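Each remark here refers to the structure printed beneath this line.
Residue numbering restarts at 1 for every chain, and letters A, B, ... go by the order of the sequence lines. Worth saying up front: this structure is predicted, and the values here are computed from it rather than measured.
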Protein chains: 2
Amino acid sequence: MDTIGFEAHDHKGCMRAALAAVEAHCTRHKLQFTPVRRRVLEILLSEHRAMGAYEILDTLRDEGLGSQPPVAYRALDFLVSNGFVHKIERLNAFIACTHPGQDHTPAFLICRQCDAVAEAHAEPSKGMLGRAAADTGFTIEQAVVEAMGLCPQCRESVHPCA
Amino acid sequence: MDTIGFEAHDHKGCMRAALAAVEAHCTRHKLQFTPVRRRVLEILLSEHRAMGAYEILDTLRDEGLGSQPPVAYRALDFLVSNGFVHKIERLNAFIACTHPGQDHTPAFLICRQCDAVAEAHAEPSKGMLGRAAADTGFTIEQAVVEAMGLCPQCRESVHPCA
DNA sequence: GCGTTGAGTGTTATGATATTACATATGGAG
DNA sequence: CTCCATATGTAATATCATAACACTCAACGC
């Protein structure tokens with residue numbers, strides 16, 4: 001299982017690996033991995049949680065890397081369209097991808113208590129959704145799958161008997 | 001298949017049926033189906049498409065049923081929390097449920113060209129998402145499933161050879 | 001070299017979506 | 001009738017996102 005988000009893990013390692021993967025991908029595809037874009041990705045990787053665009057912007061501003069919303073949104077657009085970062089529609093927030101460079105359809109488990117987000121894989125063309133699409137002649141290009149609920153930690157604290 | 005949205009259908013009939021079902025549900029559960037709430041649902045049913053809150057509010061205002069955002073948002077909150085209307089996160093918009101009263105997890109097929117939306121069923125606890133949740137101890141309470149793509153009509157117009 | 005071009009960035013302003021807070025009304029329970 | 005819960009009216013504001021335009025700079029053709 002490659003779900004990441006609710007367990008402890010080698011954080012520095014996963015950050016370094018993700019940055020390296022993104023760098024390689026950009027070099028290979030002749031994409032400009034500029035300082036602002038890199039910094040936004042670093043912020044998201046190091047926080048390892050879903051962050052709003054303005055929250056990211058605050059950090060950029062503190063570092064003198066741009067102070068207006070378009071700076072953050074442009075960097076996020078780049079990162080999202082290349083699959084390095086995902087947008088969580090439900091939270092209007094962004095989170096670094098846990099396996100950048102690979103082509104995939106992310107699915108998210110979002111804790112309503114602590115806002116922790118875990119990334120899993122979805123297979124939208126399979127299952128009932130794919131069948132419904134096929135039946136009606138709809139062509140799926142991209143899918144958003146977000147489950148709200150309680151993460152293991154928060155479930156414990158709600159049922160303290162455990 | 002109970003997907004609705006890309007085919008012609010008895011529009012007046014589906015509107016009457018939905019209103020009746022909602023009325024029955026409200027009576028049974030002692031919920032207040034007030035004029036504003038009813039009108040918002042009627043607007044969504046009659047347009048039969050995803051609408052923004054402010055777009056709905058414009059109509060309410062024209063009819064003297066309230067002019068400030070909270071009026072629309074409160075009615076929408078009521079309708080959404082009782083499953084009569086769904087929110088399309090991807091569009092920040094709302095759409096009337098095609099089978100109100102029944103307990104269900106909706107999934108949507110959204111055309112990126114014409115913004116038509118079809119509602120299907122999802123089964124979030126099954127498939128990879130359910131497995132990922134079970135593996136990590138996450139409890140799914142509610143899920144958002146939204147597929148973007150091209151509806152049959154728009155696919156035709158993109159490939160005019162058909 | 002030098003102009004042209006295109007991508008990225010800086011900045012201002014504004015648009016679009018959503019909520020807080022508080023005042024007012026209304027209808028049923030005791 | 002009074003109290004209370006629920007719903008509504010309204011003003012103000014918070015939050016999220018984009019349009020439009022000026023500027024920089026590196027790559028390229030000539």
Side-chain angles (χ1 to χ4, degrees), chain A residues 22-23 26-27 29-41 43-44 49-82 84-95 110 112 115 144 146, chain B residues 22-23 26-27 29-41 43-44 49-82 84-95 110 112 115 144 146:
Chain A
V22 169
E23 249 164 23
C26 287
T27 303
H29 293 81
K30 298 198 191 305
L31 300 170
Q32 298 189 46
F33 195 41
T34 64
V36 179
R37 292 170 178 178
R38 181 191 189 92
R39 192 66 195 111
V40 170
L41 179 59
I43 291 166
L44 283 170
R49 63 184 176 89
M51 298 178 74
Y54 278 69
E55 196 181 351
I56 293 167
L57 182 59
D58 286 343
T59 305
L60 291 180
R61 183 159 25 222
D62 290 347
E63 300 172 355
L65 265 172
S67 58
Q68 302 305 318
V71 173
Y73 280 103
R74 283 194 290 234
L76 287 166
D77 276 353
F78 170 86
L79 295 168
V80 167
S81 37
N82 290 288
F84 307 145
V85 162
H86 301 297
K87 178 167 189 185
I88 310 290
E89 295 291 342
R90 197 46 204 258
L91 303 177
N92 291 319
F94 301 84
I95 193 163
I110 307 166
R112 66 168 156 79
D115 277 356
V144 172
E146 298 174 1
Chain B
V22 168
E23 249 163 24
C26 287
T27 304
H29 293 79
K30 298 200 191 304
L31 299 170
Q32 300 188 42
F33 194 40
T34 64
V36 179
R37 291 169 178 179
R38 181 190 188 91
R39 192 65 195 110
V40 169
L41 179 59
I43 292 166
L44 283 169
R49 63 185 174 88
M51 298 178 75
Y54 279 72
E55 196 182 352
I56 293 166
L57 182 59
D58 286 342
T59 305
L60 292 180
R61 182 159 25 222
D62 290 347
E63 300 172 355
L65 266 172
S67 59
Q68 302 302 318
V71 174
Y73 280 103
R74 281 192 292 233
L76 287 166
D77 275 353
F78 170 86
L79 295 168
V80 168
S81 36
N82 290 288
F84 307 145
V85 162
H86 302 298
K87 178 168 189 186
I88 311 289
E89 295 290 342
R90 196 45 204 257
L91 303 177
N92 292 317
F94 301 84
I95 193 163
I110 307 166
R112 64 169 158 81
D115 277 355
V144 172
E146 299 173 2

Next on the checklist: One pair to check against salt bridge (Lys or Arg N to Asp or Glu O under 4.0 Å): A:Arg61 and A:Asp58. What are the steps and the verdict?
Outcome noted: CA-CA 5 Å; A:Arg61 183 159 25 222; A:Asp58 286 343; 3.1 Å; yes
Checklist entry - Going through the checks in order, is the side-chain contact (heavy atoms from CB on, under 4.5 Å) test met by B:Val40 and B:Val71? => result CA-CA 10 Å; B:Val40 169; B:Val71 174; over 6 Å; no
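Heavy atoms of A:Lys87 sit under 4.0 angstrom from primed sugar atoms or phosphate atoms, though from no base atom.
Across all non-hydrogen atoms, the minimal contact from A:Val36 to A:Ala75 is CG1-CB, 4.1 Å. Of all heavy-atom pairs between B:Ile95 and B:Ala50, the closest is CD1-N, 3.8 Å.
Note on B:Tyr73: a side-chain N or O is less than 4.0 Å away from OP1 or OP2 of C:dA18. Between C:dA18 and B:Asn92, a contact under 4.0 Å exists linking OP1 or OP2 to a side-chain N or O. For B:Thr34 and D:dT8, the shortest distance from a side-chain N or O to OP1 or OP2 is below 4.0 Å.
We find that CZ of A:Phe33 is positioned 13 Å from P of C:dG8, with the value rounded to whole Å. One interatomic measurement links the two molecules: CG of B:Leu31 to P of D:dA7, which rounds to 8 Å at whole-angstrom precision. Counting to the nearest Å, the P atom of D:dT15 and the CG atom of A:Leu91 are 15 Å from each other. With rounding to whole Å, A:Arg74 atom CZ is found 12 Å from D:dC23 atom C1'. One atom, NZ of B:Lys30, and another, P of D:dA5, lie 18 Å apart when rounded to the nearest Å. In this structure, A:Gln32 atom CD and D:dA27 atom P are separated by 9 Å, rounded to whole Å. Regarding B:Asn82, its CG atom lies at a distance of 14 Å from the C1' atom of D:dA7, rounded to whole Å. B:Leu57 places its CG atom 14 Å from the P atom of C:dA16, with the value rounded to the nearest Å.
Checked by distance alone, A:Tyr54 brings no side-chain donor or acceptor within 3.5 Å of a matching partner on the base of D:dA14.
Summary of the strand contacts: A:Phe78 and A:Ser67 both lie near DNA chain C, and taking for each the nucleotide with the nearest heavy atom, the more 5' one is attributed to A:Phe78. Both B:Pro70 and B:Val36 lie near DNA chain D, and the one whose nearest nucleotide falls closer to the 5' end is B:Val36.
Looking at A:Glu146, its side chain does come within 3.5 Å of a backbone N or O of A:Glu89 through a donor-acceptor pair.
If you check C:dG10, D:dT10, D:dA7 against the side chain of B:Val71, the one that comes closest is D:dT10.
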